[in-house]
Structures are given as structure tokens and as C-alpha cells.
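Here is the structure we will look at, set down as C-alpha cells.
Numbering starts at 1 and runs along the sequence shown. Order of listing sets the numbers, starting from 1, for every ligand and every atom in it. What you see below is based on every heavy atom in this structure, not just the backbone, and it leaves out hydrogens, waters and symmetry mates.
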Amino acid sequence: MRSSLLKSTSELLRRSRGYSSSANPERKVAILGAAGGIGQPLSLLMKLNPLVSSLSLYDIAGTVGVAADVSHINTPALVKGFMGDDQLGEALEGSDVVIIPAGVPRKPGMTRDDLFNINAGIVKALSTAIAKHCPNALVNMISNPVNSTVPIAAEVFKKAGTYDEKKLFGVTTLDVVRAKTFYAGKAGVPVKDVNVPVVGGHAGITILPLFSQATPASNSLSQEDIVALTKRTQDGGTEVVEAKAGKGSATLSMAYAGAVFADACLKGLNGVPDIVECSFVQSTVTELPFFASKVRLGKNGVEEVFGLGELSDFEKKGLENLKGELKASIEKGIKFAHGN
Ligand SMILES: NC(=O)c1ccc[n+]([C@@H]2O[C@H](COP(=O)([O-])OP(=O)(O)OC[C@H]3O[C@@H](n4cnc5c(N)ncnc54)[C@H](O)[C@@H]3O)[C@@H](O)[C@H]2O)c1
Ligand SMILES: O=C(O)C[C@H](O)C(=O)O
């Protein structure tokens, strides 16, 4: 009696969090770049996600071992590894969500844009395969420079006639994760209660955390604190790149952030209401064609792109300052997609 009560209570809890075991449809998630620094821990986290029934791990090398390893974990998702161009189609076939952490990471002294020459080609080729093999999947773009790789994917999908602006996302969740952590530390509030929208893009000054909208609100932070928190959030990636001293960029925190965002996409697809995350999407919030802001996720991907709300004078200035760089990065991606 007591154990059946406990069972039904835990099922109720799972349902209220969007993890109902009986009601969820089968969902296939593919990770492209699954053997990399982000790809491996992200594969682990997606294997632990109860909404995933099939997990497809693709890379140009190393996926046999990663898939064998992850597949031994006693959770429901069936894991398969795929390697090389010949197996990319099968890896993608039937995917509901495709997560892309494929490509090279930064070393100290580099900007994300310095990765463009290598990663643009990788993203273009993978997007071409997605258009062919799973044109209806939600695409979570992690590969940098996100401000350019998302427009590249959009152009590839347009050319293939499969573009749906509701289904393409630049993953900016790590900026939100960082803003929450740094804000909680400075304001002295429990990190689990904190929310901070981060808008704009995903590189340097294009990352604009809106601490004026942070909750719980804090009266203890000075303007200097806000300026310092903003700068630390904008430089969060560089902080990790420098600390790793040539051994790459954020992988573990990114895998966490990628798993949070993919989970939100799956919940949206499954009809869980009120799933809201920040993401770099096609947008009319500003004059720029792509922009990160809060979006509501639903059965078709993006259900609603939220506006920016009220901004402080400091944030208004930050918004104007980021537009030039973000516009140039978007245009660079579009030009590349057409030119090559
Ligand atoms: N959006 C973000 O917030 C964010 C955060 C951290 C890192 N990143 C970016 O994610 C990317 C990956 O970072 P990492 O640290 O995992 O790098 P990594 O070098 O450790 O791993 C990249 C993986 O991609 C694979 N790969 C290369 N070409 C491929 C292709 N054509 N198809 C499939 N896989 C391919 C490599 O074999 C490798 O396993 C980088 O571009 C990095 O800048 C983005
Ligand atoms: O900083 C990087 O190059 C990786 C990533 O974009 C990050 O924000 O950590």
C-alpha cells in the first residue's frame, strides 16, 4: 500500500515535470560531433534523459567506442554509433532533434570568428545532410561561431526547400547558465531560484545579459556590480579557454547547457506547456534577421519569440553596441552559404 502510494506520487511528480513515462512518444536525438569534448558528456546526459528513446551518435571518428560505452547505461534510450559520410544518412534518418557540436574549438588568443574558416564548411555539409535525411527535425546549433553558423544552416535549408524558421536554434543556453551562476554568487541568492534572460548573439559584446530583469531581484547590487557581471558573462567562454591553456574551450558546462536546451525542445515537441528558453533564432525583435531572446517551445519548435521587455539605460546602450558586429557575422554566414 505504502509502496504503491510512493510509486504513484513519483509518477505524478514525473508528469508534472514533463517526464510522464506512459504519455511520451518515441523520440530520436542525433548528436553530430558526438566523440568530441562536448559530444561525449552530451551523449551521456542525453542517454540519461527519459524523453529520449533512440540516441544516434555521429562523428568522423571515435563513435564506436563512445556508443559502446554509453550504451551500457541502464536507461531506456537505444544507442547507436555512426562514423563517416557513408553513415551520416542513417544516423540522421527519423531524428526529432539534431544537436550539432561538430567543429574546432578556440585556443587562447582566438575569437569565435577565427573558427569560421573550418567550422562553416562542416556546418554547411551537415546541414545539407539534415535537409536530405531529417528535414523536419529541430536543429540545435552549438558549433561556433553561432552568430554565423545558424545563418549558414538557414541558407542551406532554404536552398533545399526545407527551411522552417521555427526549427532552427542557435544554442545560447551556456550564456544563461553563466549569467545565473555569476548573478547568484554576487547577489547571494540560491542559484536554483535564479532566472536571467540573455539576448543578442553568442560572441563577446553580442552576448547581452539582462540583469535588470533577473529574478529574484536584488537591491544589493551596485551599477559597478552589474557592469562587472555583464563583462564576466560576455567573457565567460574566454575565461574557460584561457584556463584550459590550449586544450580547448568549455565542454562540460556546454554539455550541461546543451542537454538543458535539448530537453526543453523535447518537452515542447511532446506538448508540455510553458517551456521558455533563450535561443538565437530568426527574429523580428530588432532589425536583425537573427537574434537571441526568450522563445516559447512547442509541438512545432518555436511557438513564440518574446520581445526584450523593459531595458535599463546600460542594456539599451549594450543593445545598440552589439548590432554592428552581430549584423556582420550574420551576413558573413549568409554570404558563405551562397558562395561555396
Ligand atoms: N554554443 C556554445 O555555447 C558553445 C560552447 C562551447 C563550445 N562551442 C563550440 O562547439 C564546437 C565543438 O567544441 P568541442 O570542444 O566539442 O570540440 P572538439 O574538437 O573536442 O570536438 C569536436 C568534434 O567534432 C568532430 N567533427 C569534426 N568535423 C566533423 C564533421 N564533419 N562531422 C561530424 N563531426 C565532426 C570532431 O571529430 C570532434 O570529435 C566548437 O566549435 C566550439 O567552439 C560552442
Ligand atoms: O568560448 C568559446 O569559444 C566556446 C563557447 O562559445 C563558450 O561560450 O564557452
Identify, by atom number and element, the atoms of ligand 1 in contact range of [X], meaning under 4.0 Å from any of its heavy atoms.
| X | value |
| --- | --- |
| T251 | 15 (O) |
| A250 | 6 (C), 7 (C) |
| V146 | 1 (N) |

Under a 4.0 Å heavy-atom limit, does [X] contact ligand 1 with its side chain, its backbone, both, or neither?
| X | value |
| --- | --- |
| V171 | backbone |
| N119 | side chain |
| N144 | both |
| H202 | side chain |
| L115 | side chain |
| P101 | backbone |

Got the closest protein heavy atom to [atom], with its distance?
| atom | value |
| --- | --- |
| atom 24 (O) of ligand 1 | G103 N, 3.3 Å |
| atom 10 (O) of ligand 1 | I38 CD1, 3.3 Å |
| atom 25 (C) of ligand 1 | D59 OD1, 3.2 Å |
| atom 33 (C) of ligand 1 | Y58 CE2, 3.5 Å |
| atom 9 (O) of ligand 2 | R178 NH2, 2.7 Å |
| atom 31 (N) of ligand 1 | I122 CG2, 3.6 Å |
| atom 19 (O) of ligand 1 | P105 CD, 3.5 Å |
| atom 6 (O) of ligand 2 | H202 NE2, 2.5 Å |
| atom 20 (O) of ligand 1 | G37 N, 2.8 Å |
| atom 4 (C) of ligand 1 | M254 SD, 3.4 Å |

Say whether [X] and [Y], considering side chains only, have a donor N or O and an acceptor N or O under 3.5 Å apart.
| X | Y | answer |
| --- | --- | --- |
| S95 | R27 | no |
| N147 | T206 | yes |
| S222 | D225 | yes |
| S54 | E26 | no |
| T162 | K132 | no |
| K332 | S148 | no |

ask   = Are the aromatic rings of F169 and F261 close, with centres under 6.0 Å apart?
value =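 Aromatic pair counts; centres sit under 6.0 Å.
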request  = Determine, using ring centers only, whether F116 and F336 are less than 6.0 Å apart.
outcome  =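 Yes - the distance between ring centres of F336 and F116 falls below the 6.0 Å cut-off.
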task = Name the option, out of A102, G39, A203, that contains the heavy atom nearest to atom 35 (C) of ligand 1.
result =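 Nearest heavy atom to atom 35 (C) of ligand 1 lies in A102.
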Is the shortest side-chain N to carboxylate O distance from [X] to [Y] below 4.0 Å?
| X | Y | value |
| --- | --- | --- |
| E331 | K327 | yes |
| R106 | D114 | no |
| K323 | E287 | yes |

inquiry  = On a heavy-atom basis, which atom in G200 and which in L326 lie closest, and how many Å separate them?
reply    =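 Heavy atoms only, the tightest pair is O-CD2, 3.7 Å.
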ask   = Polar-atom distance check: V104 versus ligand 1, any N or O pair below 3.5 Å?
value =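 Min N/O separation from ligand 1 is below 3.5 Å for V104.
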ask   = N/O to N/O below 3.5 Å, does that happen between L174 and ligand 1?
value =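 In fact, backbone or side chain, L174 has no N or O that close.
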key: Separation between CG of L32 and OG of S143, rounded to the nearest 0.5 Å   =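 Rounded to the nearest 0.5 Å, the CG-OG separation comes to 8.5 Å.
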Is ligand 2 under 4.0 Å from a heavy atom in the side chain of [X], in the backbone, in both, or in neither?
| X | result |
| --- | --- |
| N144 | side chain |
| L174 | side chain |
| E242 | neither |
| M254 | neither |

inquiry  = Let's go through I122 and N119 carefully: what are the C-alpha distance in whole Å and the side-chain angles of both, what is the deciding distance for side-chain contact (heavy atoms from CB on, under 4.5 Å) to 0.1 Å, and is it a yes or a no?
reply    = CA-CA 5 Å; I122 293 173; N119 290 354; 4.1 Å; yes
ask   = Quick one: does M110 get within less than 4.0 Å of ligand 2, heavy atoms only?
value =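 Under 4.0 Å: no for M110.
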Interfacing atoms of ligand 2 (cut-off 4.0 Å, heavy-atom, [X]):
| X | result |
| --- | --- |
| A250 | 9 (O) |
| G237 | 1 (O), 7 (C), 8 (O), 9 (O) |
| R106 | 1 (O), 2 (C), 3 (O) |

task = Check whether any heavy atom of G248 sits under 4.0 Å from an atom of ligand 1.
result =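 G248 does not count as a contact of ligand 1 under the 4.0 Å cut-off.
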request  = Specify whether Y163 and F157 have parallel, tilted or perpendicular ring planes, treating 30° as the upper limit for parallel and 60° as the lower limit for perpendicular.
outcome  =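 Y163 vs F157 ring planes: parallel.
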ask   = S218 side chain to A187 main-chain N or O, any donor-acceptor pair under 3.5 Å?
value =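 No.
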message = Given V260, which partner from the list V177, L45, T173 fulfils the side-chain contact (heavy atoms from CB on, under 4.5 Å) test?
response =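 Filter result, single survivor: T173.
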request  = Going by the side-chain contact (heavy atoms from CB on, under 4.5 Å) test, name the single residue among V305, L308, I330 that passes it with F291.
outcome  =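 Result: among V305, L308, I330, L308 is the only option passing the side-chain contact (heavy atoms from CB on, under 4.5 Å) with F291.
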